[in-house]
Amino acid sequence: YGAAIAVDPNDVTRIFIGAYSNGESGDAKIFRGAVTSSGSGAGLTYTYTGTDIGSGVHPDVHRVVVRSDAASEMWVACDGGIFRTTSADAATSFESKNVGLMTMTCTYLDHHPTEAAVIFCGAQDNGTLRYTGEEAWLHSADGDGGPVVVNWNDPYKILRTYVYGAIDRATDGGAGPGSWSRISPASSGSLFYPPLVGTPISGTPSDADRVATGADRTWFSDTFGTSWSSPDAAGLAGTVSALVFANAGRLYAGTSTGNVYVY
């Protein structure tokens with residue numbers, strides 16, 4: 001997502017653009033550049049050459065604002081909140097202005113089976129978070145945070161969805177971004193956050209290792225994500241957009257066609 005543009009209030013030929021990411025540090029790109037023209041009539045053309053003006057802004061820029069009474073002061077709204085610089089007319093770095101703001105988009109939750117204070121949360125473009133009863137939440141994983149499954153027999157084992165079917169696994173309770181390893185099934189489909197579910201608590205400990213995910217088809221794992229198999233190799237009609245276990249032996253799947261299937 002990158003659809004932000006602003007004009008310097010003191011120079012209409014100078015344009016600021018908020019783009020997505022440079023793919024290296026993960027920061028968004030904010031460009032400053034001049035629009036020039038050449039030719040005339042039907043041959044009139046315009047050229048824009050942009051310069052990356054700094055770092056420190058979270059990706060997915062939604063709005064760029066340059067103050068009319070201070071052309072060097074810029075504010076940026078993005079998926080990570082609000083950022084500001086006072087030197088937008090030169091190479092700069094942006095500072096976060098998010099203290100006290102509640103800007104997270106929390107998409108999914110799962111609860112520790114025995115510790116009431118421990119919750120894992122998928123926080124959209126702000127990773128996966130872990131709550132332990134304190135005022136501040138731990139940043140457990142980077143990137144986009146989708147569905148989370150806590151193993152109810154061994155809650156140090158956690159699964160979380162990144163995007164488009166990419167699944168990560170931690171075995172230390174999700175202590176930090178370095179805890180996770182990628183264990184995705186062979187294919188995933190086009191859903192940004194495909195469903196990922198575990199079984200209800202039962203009297204059979206091995207049931208806790210059974211999980212399912214979906215998108216182009218439904219995938220099962222009896223090893224909490226270390227290996228996957230699919231019973232619908234041809235794929236169901238539509239995209240698997242919702243899953244829920246009734247028990248370890250019965251799974252319901254909803255698809256984009258409006259149909260509901262049961263295994």
Side-chain angles (χ1 to χ4, degrees), residues 1-11 13-35 47-68 70-108 120-130 136-146 148 160-168 170 174-182 184 192-193:
Y1 189 103
I5 187 169
V7 179
D8 189 326
N10 296 315
D11 182 357
T13 68
R14 188 158 70 170
I15 307 295
F16 296 92
I17 295 175
Y20 172 58
S21 172
N22 60 18
E24 297 172 2
S25 68
D27 293 342
K29 278 184 174 291
I30 309 295
F31 292 100
R32 179 191 67 247
V35 176
T47 302
Y48 175 84
T49 302
T51 301
D52 191 353
I53 66 172
S55 61
V57 177
H58 191 283
D60 294 2
V61 175
H62 297 265
R63 187 75 185 271
V64 173
V65 176
V66 183
R67 279 186 51 187
S68 59
S72 63
E73 183 174 352
M74 175 189 290
W75 292 73
V76 176
C78 62
D79 276 14
I82 303 294
F83 294 80
R84 171 180 175 264
T85 183
T86 56
S87 54
D89 55 350
T92 186
S93 60
F94 289 80
E95 59 177 338
S96 170
K97 305 298 288 184
N98 291 308
V99 175
L101 291 181
M102 301 177 187
T103 59
M104 295 294 184
T105 302
C106 296
T107 54
Y108 299 90
F120 282 84
C121 170
Q124 197 257 339
D125 208 17
N126 292 275
T128 298
L129 310 179
R130 185 181 73 180
W137 291 55
L138 171 74
H139 182 78
S140 178
D142 293 331
D144 284 80
V148 184
R160 72 126 191 176
T161 296
Y162 175 52
V163 295
Y164 297 118
I167 296 175
D168 299 327
S179 301
W180 304 86
S181 57
R182 188 63 44 89
S184 313
F192 195 73
Y193 290 136

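Count residues from 1 along the sequence. Every heavy atom of this structure was used, including side-chain atoms; hydrogens, water molecules and symmetry mates were not.
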Step-by-step side-chain contact (heavy atoms from CB on, under 4.5 Å) determination, Thr85 to Glu95: CA-CA 7 Å; Thr85 183; Glu95 59 177 338; over 6 Å; no
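- For the residue pair Val148 and Tyr108, the shortest heavy atom distance occurs at N-CB, 4.5 Å.
- Remark: Tyr48 pairs with no residue by the ring pair (Phe, Tyr, Trp, His ring centres under 6.0 Å) rule, at least two apart or across chains.
- The heavy-atom pair separating His139 from Asn126 by the smallest distance is CE1-O, 3.5 Å.
- Residues Arg182 and Ile167 share a closest heavy-atom pair of CD-O, 3.3 Å.
- For the atom pair Ser184 OG and Asp168 CG, the distance stands at 6.5 Å (nearest 0.5 Å).
- To the nearest 0.5 Å, atom CZ of residue Arg32 and atom CG of residue Asp52 are 9.5 Å apart.
- Within the 4.5 Å cutoff, the side chain of Ile5 has heavy atoms near those of the Ile17 side chain.
- Under a 3.5 Å cut-off, the side chain of Thr51 and the backbone N or O of Ile53 do not form any donor-acceptor pair.
- Partner of Asp79 under the side chain to side chain contact (heavy atoms under 4.5 Å, CB included) criterion, chosen from Asp60, Val61, Thr105: Asp60.
- Distance alone, capped at 3.5 Å, is enough to place a donor-acceptor pair between the Thr107 side chain and the Gly122 backbone.
- Between the CH2 atom in Trp137 and the CZ atom in Phe120 there is a gap of 10.5 Å [rounded to 0.5 Å].
- Side-chain N or O atoms of Thr13 include none that pairs as donor or acceptor with a backbone N or O of Val35 at under 3.5 Å.
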Derivation of the side-chain contact (heavy atoms from CB on, under 4.5 Å) call for Tyr193 and Gln124: CA-CA 9 Å; Tyr193 290 136; Gln124 197 257 339; 3.8 Å; yes
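- Scanning both residues, Ala28 and Pro59, for their nearest heavy atoms gives CB-CA, 3.7 Å.
- The OG atom of Ser87 sits 10.5 Å away from atom CD of Glu73, with the distance rounded to the nearest 0.5 Å.
- By the 4.5 Å heavy-atom criterion applied to side chains, Phe94 and Ile30 are counted as neighbours.
- Taking CZ from Arg84 and CG from Asn98, the interatomic distance works out to 13.0 Å, rounded to the nearest 0.5 Å.
- In this structure, the separation between OG1 on Thr128 and CG on Leu138 is 10.5 Å, given to the nearest 0.5 Å.
- Nearest heavy-atom pair across Ala123 and Met104 is CB-SD, 4.5 Å.
- Shown here for Phe83 and Cys78, the closest heavy-atom pair between the two residues is CE1-SG, 3.5 Å.
- Dense packing is recorded around CZ of Arg67, with more than 12 heavy atoms of other residues, nucleotides or ligands lying under 6.0 Å away.
- Residues Arg14 and Val7 have side chains not in contact (no heavy-atom distance under 4.5 Å, counting atoms from C-beta outward).
- Under the 3.5 Å distance criterion, the side-chain polar atoms of Asp144 are left unmatched by any main-chain donor or acceptor of Tyr162.
- For Tyr164 and Phe192, the ring centers are positioned less than 6.0 Å apart.
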